[in-house]
Amino acid sequence: MTAPEMSAPELPWAVLEDYRCFGCSPHNPHGIALTFTEHSEGLQTSFTLGRSYESYPGVVHGGLLGVVCDETMGNLIVVRTGLVAFTTSLRLRYLAPVRVGVPYTCVARLGADGGANPLSTATAEILDAEGAPVVTATATYRNVPFGTARERIALSATEAGRLDQALTATAGSQTRQETA
Amino acid sequence: MTTEHNDIVHRITEIVATELGVAADTLAPDTDLRGIEGADSVRLLRVVARVEQTWDVELDDADVFGVASIADLSTVVGDALRVKA
């Protein structure tokens, strides 16, 4: 499977007019509105966090960097499998302070199982403008079909139907790419 | 000293050389990591991160911050691989 570099995958959540994901929704004024592009080895997002997300003066809060890594890994599983990925564990190693107002890139990669197992792993790293890693992350996700996740997600019946269709289309799209 | 341990030492030596910007042939298994010119806490943590990525292991901070040499770090990696197996 080869993904075209820098193209933006369609996130299934986009079919919900008012989804509020703190990490990746454009509709949440308190969120960080990450957007993703394909990477030759997975999925990536470029971001710059301002002082609203500060810890020590001039330094981005480490918890936010966990959000960035988790979002990139979780959405990578979603766009590759069409399954809903619930984080079961997330581990970060902080290598250097991340500065506010400075651009960084997060790259996520699937673990050895490629997201195929109900429990699957992924890794992520945040890189500075020179490509040096400043944060590394590993995580495990429980991947479930939308029908299984449905009762844990607050959606109207109409929205649920729309999202179910979008996730099914995502899964079908990946199957077509793999068999092409 | 097993072949596996020697392989780990060899690969960690390469990682240290790359991350710290020194020639691999200037490093020995008992070289004091903090004594290498250019070594600082960020660069040594990058060594640890690269080691974790290379062997797909998660090392305990108590072990990581206790190592003094490439041989020490190789032992920690070997132990982690045995736990994982």
Side-chain angles (χ1 to χ4, degrees), chain A residues 39-42 44 55-56 58-60 62 65-66 68-70 72-73 76 87-99 102 104-117 119-141, chain B residues 4 7-8 11-24 27 33-70 72-85:
Chain A
H39 179 276
S40 58
E41 298 174 9
Q44 68 179 3
S55 170
Y56 294 117
V59 177
V60 175
L65 302 172
V68 172
C69 291
D70 187 31
T72 314
M73 290 185 282
L76 172 59
T87 314
T88 58
S89 69
L90 171 64
R91 186 257 201 181
L92 299 165
R93 183 171 284 292
Y94 297 101
L95 309 180
V98 171
R99 317 299 305 184
V102 173
Y104 291 89
T105 300
C106 178
V107 179
R109 299 171 176 85
L110 296 176
D113 69 359
N117 295 329
L119 267 184
S120 63
T121 60
T123 62
E125 57 184 349
I126 296 177
L127 308 165
D128 65 18
E130 282 74 47
V134 291
V135 175
T136 58
T138 56
T140 303
Y141 293 85
Chain B
E4 182 196 39
D7 288 345
I8 294 171
R11 292 187 71 180
I12 290 180
T13 301
E14 291 177 337
I15 291 169
V16 169
T18 300
E19 296 297 332
L20 271 56
V22 297
L27 302 171
L33 290 169
R34 292 172 185 79
I36 300 171
E37 189 176 352
D40 59 26
S41 61
V42 170
R43 287 182 164 191
L44 289 174
L45 273 171
R46 284 188 177 139
V47 168
V48 171
R50 197 59 71 198
V51 164
E52 289 183 324
Q53 290 171 329
T54 299
W55 281 279
D56 191 20
V57 291
E58 294 182 3
L59 305 179
D60 286 342
D61 283 355
D63 294 332
V64 163
F65 288 100
V67 301
S69 66
I70 290 172
D72 287 349
L73 186 53
S74 302
T75 299
V76 169
V77 171
D79 291 346
L81 289 173
R82 272 185 287 282
V83 169
K84 186 179 164 187

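Note that the coordinates shown come from a computational prediction; the quantities given were computed from them, not determined experimentally. Letters A, B, ... are given to chains in the order of the sequence lines, protein chains preceding strands, and every chain is numbered from 1.
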* Can you see which heavy atom on A:Arg93 is nearest to which on B:Val64, and at what distance? => NH2-CG2, 4.0 Å
* To do: Please determine which of B:Val47, B:Leu44, B:Leu45, B:Val48 meets the side chain to side chain contact (heavy atoms under 4.5 Å, CB included) test together with A:Leu95.
  => B:Leu45
* Asked: Looking only at heavy atoms, what is the nearest atom pair of B:Arg50 and A:Pro133, with distance?
  -> NH2-CG, 3.8 Å
* To do: Decide side chain to side chain donor-acceptor pair (under 3.5 Å) for B:Glu52 and A:Thr136; before the verdict, give the C-alpha distance in whole Å, the side-chain angles of both, and the deciding distance to 0.1 Å.
  => CA-CA 9 Å; B:Glu52 289 183 324; A:Thr136 58; 4.6 Å; no
* **Any side-chain donor near an acceptor of the partner, A:Thr138 and B:Glu58, under 3.5 Å** => yes
